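Just so you know, these numbers come straight off a predicted model, no measurement behind them. Start at 1 with the first residue, then count along the sequence.
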Amino acid sequence: MSEESSKETTRSLLIAWAKRQDKWVQRLVDSVAATRSFPSQSELGDIYSALLAEKQLSTFTTAVDVAAVLTEQTDTAAFPFTITELCHLGGVNRLIANQKIEFNKRFTVIYGENGVGKTGYVRILKRLAGVRSAEDVLPNVMSNAHVSGERAAMKYDAGTGSAEIKWSDESNVAPFNRMAIFDSRSLSYHIDSELTFHYIPKELSLLKIVHDGIEAIRTLLEKDRQTRDRKGNVFLPHFTRGTKAYVAIETLGASTDLDQLRAICDSSDSSALDTIARQISALESGNIESELRVATDDNDAWAKLVNLFSRVAALNLPSLLALHKKIEDLKARSATLVEEMFLQQEIPGAKSKAWEGFIRSANSYIVEHLGEEYPGTDCNCIYCLQPLNAASVKLIALYRSYVQGEVRKELTAAESDLAQKLTIVNQEDLVLLRSWLSKRAADSSYQHSIKDLKSVLNTLDVLESLDSASKEKMWADLEAAIANASDLLPTLRSRADESKKSLTALSGTSADQKTHLVPLKAQLAEMKDAAELRRQITEVSSFVAETKWVDRVDKVLSGFRALSRSLTELSKSASDEVIRKDFEKHFQEESAALRCPAVVLTFPGRKGETARHKSVCDSHPIADVLSDGEQKVIALADFLAEVSVSEHNTPLIFDDPITSLDYKRMEHVVSRLFLLSQSRQVIVFTHNIWFTVELMQKFQDYPKEFRFIELREDVDGKGFVSQQTSPRVDHWDEMKKSITEVIAAAKKTQPGVVQDALIKQGYSMLRSLCELAVEEKLLRGVVRRFAPNIALTKLSKINATGIQLVQDHVSPIFERCCRRLEGHSQTLETQNIRASLTDLENDWSQLQDTVSKL
C-alpha cells in the first residue's frame, strides 16, 4: 500500500467514524483535519458550546456544519528541516558560555572524551524535541550564580527558509519536536512492556489529536460539573425535623418536584401563625412545670421521712440494751483471757486496740496465705522472715488461739449484730433530706409546720450521731429519738399523703397542657418552615436546577468512555497498514542485521493510539532475560524501525548508540547511519574513536557532507567546541617538531632529575615516531593504530622494499625506547641504567636517517 493510499484510507476511516458521532465530535474532527493541529482555545470553546447546546445543557444554540469532504490544507509542519547551528549562551550544566556548534546538513559527528560536556548539548536538543527521555536541564549546580532568560540559540533551515529561535528551557518546541533522538535513557522506553509510537506519519497523528481534543472537551465539562456541583445541603439546618418542608428539603436533588415545594410555601398563613404563637405562649407562661418539680421533690422527701421514722420508731430499746450488756461482758472476759495468756510474756501494749488489730490482721494473713497449720517446725516469721525458735512458735500459737477462740468469735458476732440494728439512715439520703428540710424551713409556705420540721431536724441529728458513733452512743438520746419518731409519724404520714395528692393533681394539669401544646407546636413548626421555604424558594429552585444539570452531565460523561474506545478501534484499523505491517517489517530487518534475539511483537491499542509490546521466551519481560548488549540492540532496532515509518525529512540524533555493542554490530550501525543520512540529517555524539573513524571513512569521497567537531574541557569549564577536520592523531611532521623541542630543552637543562624527565619524555615520543614510521612510511595507511580493519584495497601501496630496513634499524630503536619507559617490563640488570642525552640524540638521528631511506 502506498503512502498516499494509506493517507486516504486513514482520512476516509476518520470521516466515516465522525459521521456516526455527535455533531460536536464532527466539528472537532473537521477542525483537526483541516489544520492538522490541536484546536485553538477559541475553537475549543466553540466546540464545547456546541456540546452543551446539543446535550441541552445550556440555552446556547449554534449551527454545527461539517464539510462532506475534509479540507486539504498545506501542512507547514511537513516541510523538511535541518539544524544549522546551536549556540550555548550559558546556564546549562558546566558548559562554557557562548560556544557554537555548526552542523553539516547531512552528517555531523561530535566527538569528546567522557565528561567534556557532550551530555549538556544533548540535553538541550532533547528538551527542544520533547522526546520521551528528555530530562530537566540544570545549571551549574556547583555555582551559586542565578540563571534566567535565554540559555541557547538555535538556527535551522526549513521549507519556508532559514530561522532562529531563542531557547529558555522550553520543551517540545516546533519544529524541533519533529526530531528523533536515541540515547541511553531511551533504552528503557524501547524495552518497556508497552510503548506508544512517538514518531508516526502525520495522517495517523490526526487520530491522537482528535483523542486529545475529546479529552480536552471532557476536562472542560468535568470542570464545569465540579464548579456547579453543590456539595452538601445548606438549606436543611434552617428547617425543623419532621415538618413537610424538612422532609422535602432533606431529599433535595435532581428528582425534586418544585411544584410540591411551591404548594408547601402556599400553606403558610402569617395571621394564623401569630395566633398559634400566642396560644403556645399562654400555655407555657404558667409555672406548672416548676410547681410540678417542687411537688415531686416534696413527695419523694416526705416518703423518705416516713420510711426513716418508721424504722426508728420500730427499734426495740430493751433488746438493744441487752445486746450492749452482752458485748461489755464479752469484752471483760476477753481482757481476762489476755491477762491469763499474755501478760507473762511482757508484750508492750497488750490489751490495747493497736495490739488487737495487729494480731487479728496477722491471723487473717496466715489463714489466707499459710493455712491453719502455721506455725509449725522450721517456719519463718511472717513479719521479718527469720527462722522461728520454739518460744516464738509458742507465742504465735497463743495469738491464733486467742483470736480464733470462742470468746472472740462471740464478741465479734455481737458487735456486728448491734451495728446492723443501729444502721438506720443511708448517708446519701440523709444529706438530701437535710438539704430539703433546710430549704423548706426557709419557705413561707411551710411556716405553719416549722416546729415539726425543726423537730425532725433534731431527730436526724441524733440518728446521724448514732450512725457515726456506733457503740459510743448515749442510750438516753436514743430513747428520746425513738419516742420523738413515734410522735412525729402521724404528722409525717399526713404530710406525705397531702404531697402525693398535690403531685397527682399537678401531673394531671401538666398532662392536659401538653395534650394541647404538642399539636400547637407541631402546627407552628409547619407554618414557620413553610414561611422559611417561601423565603428561600428561589435559591432552592436554583439548587435543584443545578443538580439536574449535574445529573445530565454525568450521563453525558459516561458516554466519553465508549467514544474513546471506538476511536481506539479506529486507530487500530487505520494504523494496521500504515504502522503495524511497515513497522514489523522494518523491525525484523533491523533485528536481523543487528543479530538481535527473537522478539515477539503485539500491537495493543488504547486512547486513540497504537502501541507495541515486545517480549521473549513466552512473554517474559525482555529486561529479565537478555543481557545489556542484547537489550541495547533491540532498543536500537526498535528506534530505527520507528523512524523508518515516520516522515523522512527531520533530523536524527544519536548519543553514543554503540555502547555495549560488539564490533560487528557496530559496523552495521555505521552503515545504517550512513544510509539514513541520504534522506535525513544525522547528528552523532560519541566518545568512541573507532566509531568516529569508521563514520569518517564512509564520507571520504563526500568530504563536504561530513563535519567533525571535538568537545574539550579547559580551566573555564566543559563543552569547549573545537572545529576539526578529523580526530586528533599523531603525524610524523608534528611529532618530529615536538621531539626536537624536547631535546633542545634537555640540552639547556643541567644534569639531574629535570633533565632525566625530559629524556624519558623524548624516548616516549621516539617510541611513537617508530610506530608512525611503520604506519606512514612502510604500511602507507593500510593499518592505522586508531582505526579498525585492514584497508585491503590499499595493500599495493605498502613499501615492501623497506621491510628489511625497518627490521634492521627501526625495531632496535623501538626496543630501546620500551626498555627506557617505566610502563614496560625490564630485566633486573637494566632497571637502574638511565639513558643519557647523547643516547637520545643518537637514536633520534638514526631513526631520521632510516626514515629518509623509506
Distance (rounded to the nearest 0.5 Å) between Ser31 OG and Ile47 CD1: 5.0 Å
Electrostatic pair Arg127:Asp169 at N-O distance under 4.0 angstrom: yes
Residues Glu546, Arg228: salt bridge by 4.0 Å N-O rule: yes
Under 3.5 Å donor-acceptor, Ser499 side chain and Arg495 backbone: no
Option from Leu207, Ile209, Leu14 for which side-chain contact (heavy atoms from CB on, under 4.5 Å) with Val32 holds: Ile209
Side chain Glu54, main chain Lys23, donor-acceptor under 3.5 Å: yes
Pair Arg493 + Asp497: basic N to acidic O under 4.0 Å: no
Distance-only donor-acceptor check, side chains Arg552 and Thr547, under 3.5 Å: no
Test of ring centre spacing under 6.0 Å for Trp24 and Phe560: yes
Note, Gln26 side chain near Val29 side chain (heavy atom, < 4.5 Å): no
Whether Asp22 side chain and Val25 backbone form a donor-acceptor pair below 3.5 Å: no
Asp298 and Trp436 side chains, donor-acceptor separation under 3.5 Å: yes
Salt-bridge contact Arg27-Asp30 (side-chain N to carboxylate O under 4.0 Å): no
Ser486 side-chain N/O to Ile482 backbone N/O, donor-acceptor pair under 3.5 Å: yes
Value rounded to 0.5 Å, distance of CD in Glu215 from CG in Leu563: 9.0 Å
Qualifying ring-ring contact (aromatic ring centres under 6.0 Å, His included) pairs with a residue from residues 245-277, counting only residues at least two apart or across chains: none
Interatomic distance, Leu28 atom CG to His211 atom NE2 [nearest 0.5 angstrom]: 11.5 Å
Ser542 side-chain N/O to Thr538 backbone N/O, donor-acceptor pair under 3.5 Å: no
Among Leu320, Leu323, Thr412, side-chain contact (heavy atoms from CB on, under 4.5 Å) partner for Asp417: Leu323
Identified side-chain contact (heavy atoms from CB on, under 4.5 Å) counterpart of Leu52 within the set Leu221, Val556, Val553: Leu221
Distance, nearest 0.5 Å, that separates OG1 of Thr256 from CZ of Phe543: 8.0 Å
Ion pair check, Glu569 and Arg565, cut-off under 4.0 Å: no
Side chain Ser507, main chain Leu503, donor-acceptor under 3.5 Å: yes
Glu532 and Gln536: side chain donor to acceptor below 3.5 Å: yes
